[in-house]
Structures are given as C-alpha cells and as structure tokens.
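Here's the structure, in structure tokens; my notes come after.
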Amino acid sequence: MLKPFILLMLLLLSACSSTTTQRPDNPENICDIFRQNDDWYEAALDTQQRWKVPLTVSMAMMYQESSFKHDAKPPMDYFLFIPLGRKSSAYGYAQVKDETWDDYKEQTGNSWADRDDFADAIDFMGWYSYKTSKVNRIAPSDAYNQYLNYHEGWGGFRRGTYYNKRWLMKTSRVVEARAKRYAAQFQQCRSSL
C-alpha cells in the first residue's frame, strides 16, 4: 500500500514543476531555445499577452542577466581568501533582488513565485517592463531603454545614472541588437512552435 502512495506523490510533485531548468544549447537562436524548451515558449507567450511586452525583449534581457541559468547569482566578494558575501541579493533567471521580487509577488498576487522558475522569472520581466512603460514612458519594444531601466531602476534611469556607465550603455546596445535578432528569428519559426 505504501509503494503506490509514494509513486503517486512522486507523480504529483513532478507535475508541480511548471518549467524545466535545462539551459538552451543554442541561446543565440530563440527558435532553438523554444524548440528545446517548449514550456518556455508557452510561458513567454503568456507573459507577452499579459503584460504587452514583446517576448523577444524579455528573452534578450534574460539572456543578458543570467545566460538562462536558473540559479544565477552575482560573484562572491573576497578579501584575500576570505569570502565576504555577494554584492547583491540578485538571483535566478532574471537576477532579481529580494526587495524587487517581494514587490512583484505582492503586486501580482503571485505569492508562490520562484526566481529560479522560468515561468515566474519571465512573468517578472514582463511586469517590470510594463511598469517601466508606465513610470518612465518607455515603449515596451524599446529594448535599449528597457534594459537601462532594468539595470538602474526607475529612479536611477530618471536621474541618468547610466550616463557615467559607458559599459552599461554598450551592454544595453547588445541587448537591443539581440532583441532585434530574436524578433527576426521568431518571425521565421513562430508558426511551427
């Protein structure tokens, strides 16, 4: 009697896992990403429909933040050989800090969300970009300025903190170019996904 119960519990637990954690073999091609992880496509499409943010922008930003690594964290700081901790609490696919993640969960009612779950992380990115469009009037399709907002925060963007960070403006151009490349690729494969 115990054996069927254990099997049933394992089945239920595996059904609760909404998305895979397998990193894409070819992260440079959005079609390959979605073919490898079809549940990612469903989650990205749901996010696009919910928040009216192109999935290609969210995916390009996520690639920049974590290279699609589910448990990504900032590097550890050391003094000589003694670990001092991490510079921030950023974690997961979207590299979200604790306090921002808490805001997302509270404002969306998604209290069970996990930063290392792709569906939750991509939904967060859509939510953040949607709010960016309202707070700083940045078009959801403007990957360059969306990424600057994502990195600097809404207040930092308004203050222009990124002007002193040439590396960040260059990185935002990389995100913008990737979003455009993803968009062109997506047009070629969307009907077959």
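On a predicted model such as this, the values are computed, not experimentally measured, just so you know.
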Tell me if the OH atom of Tyr144 is crowded by more than 12 foreign heavy atoms within 6.0 Å.
yes

Distance-only, no hydrogens or angles: does the Arg115 side chain make a donor-acceptor pair with backbone N or O of Val96 under 3.5 Å?
yes

Shortest non-hydrogen contact from Ser58 toward Ile122:
CB-CD1, 3.7 Å

Side chains of Asp142 and Asn145: is there a donor and an acceptor less than 3.5 Å apart?
yes

For the residue pair Gly92 and Ser66, what are the closest heavy atoms and their distance?
O-CB, 3.7 Å

Donor-acceptor pair, distance only, cut-off 3.5 Å: does the side chain of Ser192 make one with the backbone of Cys189?
yes

Run the side chain to side chain contact (heavy atoms under 4.5 Å, CB included) test on Glu152 and Leu168 for me, step by step, so that the C-alpha distance in whole Å, both residues' side-chain angles and the decisive distance to 0.1 Å come before the verdict.
CA-CA 9 Å; Glu152 297 298 281; Leu168 177 57; 3.3 Å; yes

Before giving the answer on side chain to side chain contact (heavy atoms under 4.5 Å, CB included), spell out for Val53 and Thr47 the whole-Å C-alpha distance, their side-chain angles and the decisive distance to 0.1 Å.
CA-CA 7 Å; Val53 175; Thr47 294; 5.8 Å; no

Is the closest side-chain heavy-atom distance between Pro24 and Gln36 below 4.5 Å?
yes

Would you please classify the geometry between the Phe118 ring and the Trp40 ring as parallel, tilted or perpendicular, with 30° and 60° separating the classes?
parallel

Answer with yes or no whether the hydrophobic clustering places Met125 together with Trp112; edges join I, L, V, M, F, W, Y residues whose side-chain heavy atoms lie under 4.5 Å apart.
no

Whether Phe68 and Tyr63 hold their rings parallel, tilted or perpendicular, with breakpoints at 30° and 60°:
perpendicular

Measuring from atom CZ of Arg35 to atom CG of Asn26, what distance do you get when rounded to the nearest 0.5 angstrom?
10.5 Å

State whether the side chain of Ser129 and the backbone N or O of Gly126 hold a donor-acceptor pair below 3.5 Å, judged by distance alone.
no

Relative to the ring of Phe157, is the ring of Tyr162 parallel (under 30°), tilted (30 to 60°) or perpendicular (over 60°)?
parallel

List the steps, then state whether side chain to side chain contact (heavy atoms under 4.5 Å, CB included) holds for Arg158 with Val135.
CA-CA 10 Å; Arg158 279 193 303 274; Val135 172; 3.1 Å; yes

Is any side-chain heavy atom of Phe124 closer than 4.5 Å to a side-chain heavy atom of Trp51?
no

Which heavy-atom pair separates Gln49 from Lys52 by the least distance, and what is that distance?
O-NZ, 2.6 Å

Does the side chain to side chain contact (heavy atoms under 4.5 Å, CB included) test come out yes or no for Asp38 and Glu42, once each step is laid out?
CA-CA 7 Å; Asp38 59 345; Glu42 295 300 324; 5.9 Å; no

Answer yes or no: is there a side-chain heavy-atom contact under 4.5 Å between Leu55 and Ile30?
yes

I need the Thr108 OG1 to Asp123 CG distance, nearest 0.5 Å.
6.5 Å

Determine whether Thr56 and Met59 make a side-chain contact, defined as any pair of heavy atoms from C-beta on separated by less than 4.5 Å.
no

Examine Trp167 and Val174 and state if one hydrophobic cluster contains both, with Ile, Leu, Val, Met, Phe, Trp and Tyr joined whenever side-chain heavy atoms are less than 4.5 Å apart.
no

Output yes when a side-chain donor or acceptor of Gln64 lies under 3.5 Å from a complementary backbone atom of Ser172, and no otherwise.
no

If you count every heavy atom of other residues, nucleotides or ligands that lies below 6.0 Å from Gln107 atom CD, does the total exceed 12?
yes

So which heavy atom on Ala143 is nearest to which on Ala179, and how close?
CB-CB, 3.8 Å

Within the distance-only criterion (no hydrogens, no angle test), does the side chain of Gln185 pair as donor or acceptor with the backbone N or O of Cys31 below 3.5 angstrom?
no

So, Tyr128 versus Trp154, ring centres under 6.0 angstrom or not?
yes

Run the salt bridge (charged side-chain N to carboxylate O under 4.0 Å, His left out) test on Arg181 and Glu28 for me, step by step, so that the C-alpha distance in whole Å, both residues' side-chain angles and the decisive distance to 0.1 Å come before the verdict.
CA-CA 9 Å; Arg181 205 165 47 250; Glu28 296 299 331; 3.3 Å; yes

Are a donor atom and an acceptor atom from the side chains of Tyr104 and Asp120 found within less than 3.5 Å of each other?
no

Would one find more than 12 heavy atoms of other residues, nucleotides or ligands at under 6.0 Å from atom NZ of Lys165?
yes

Side chain to side chain contact (heavy atoms under 4.5 Å, CB included) with Tyr147: of Arg173, Glu176, Glu65, only one passes, and it is Glu65

Nearest-0.5 Å distance that lies between atom OH in Tyr41 and atom CG in Asp46
10.0 Å

Distance in Å, Asp98 CG paired with Asp103 CG, rounded so as to fall on 0.5 Å steps:
11.0 Å

For the CD atom of Gln95 and the NE2 atom of His151, what is their distance to the nearest 0.5 Å?
10.0 Å

Return the OG to CE distance between Ser67 and Met62, rounded to the nearest 0.5 Å.
11.5 Å

Taking Val57's backbone N and O only, do any of them form a donor-acceptor pair with Gln146's side chain (distance below 3.5 Å, no angle check)?
no

If you compare all heavy atoms of Tyr93 against all heavy atoms of Ala121, which two are closest, and at what distance to 0.1 Å?
CB-CB, 3.6 Å

Give a yes or no answer on whether the side chain of Asp114 reaches the backbone of Asp116 with a donor-acceptor pair at less than 3.5 Å.
no

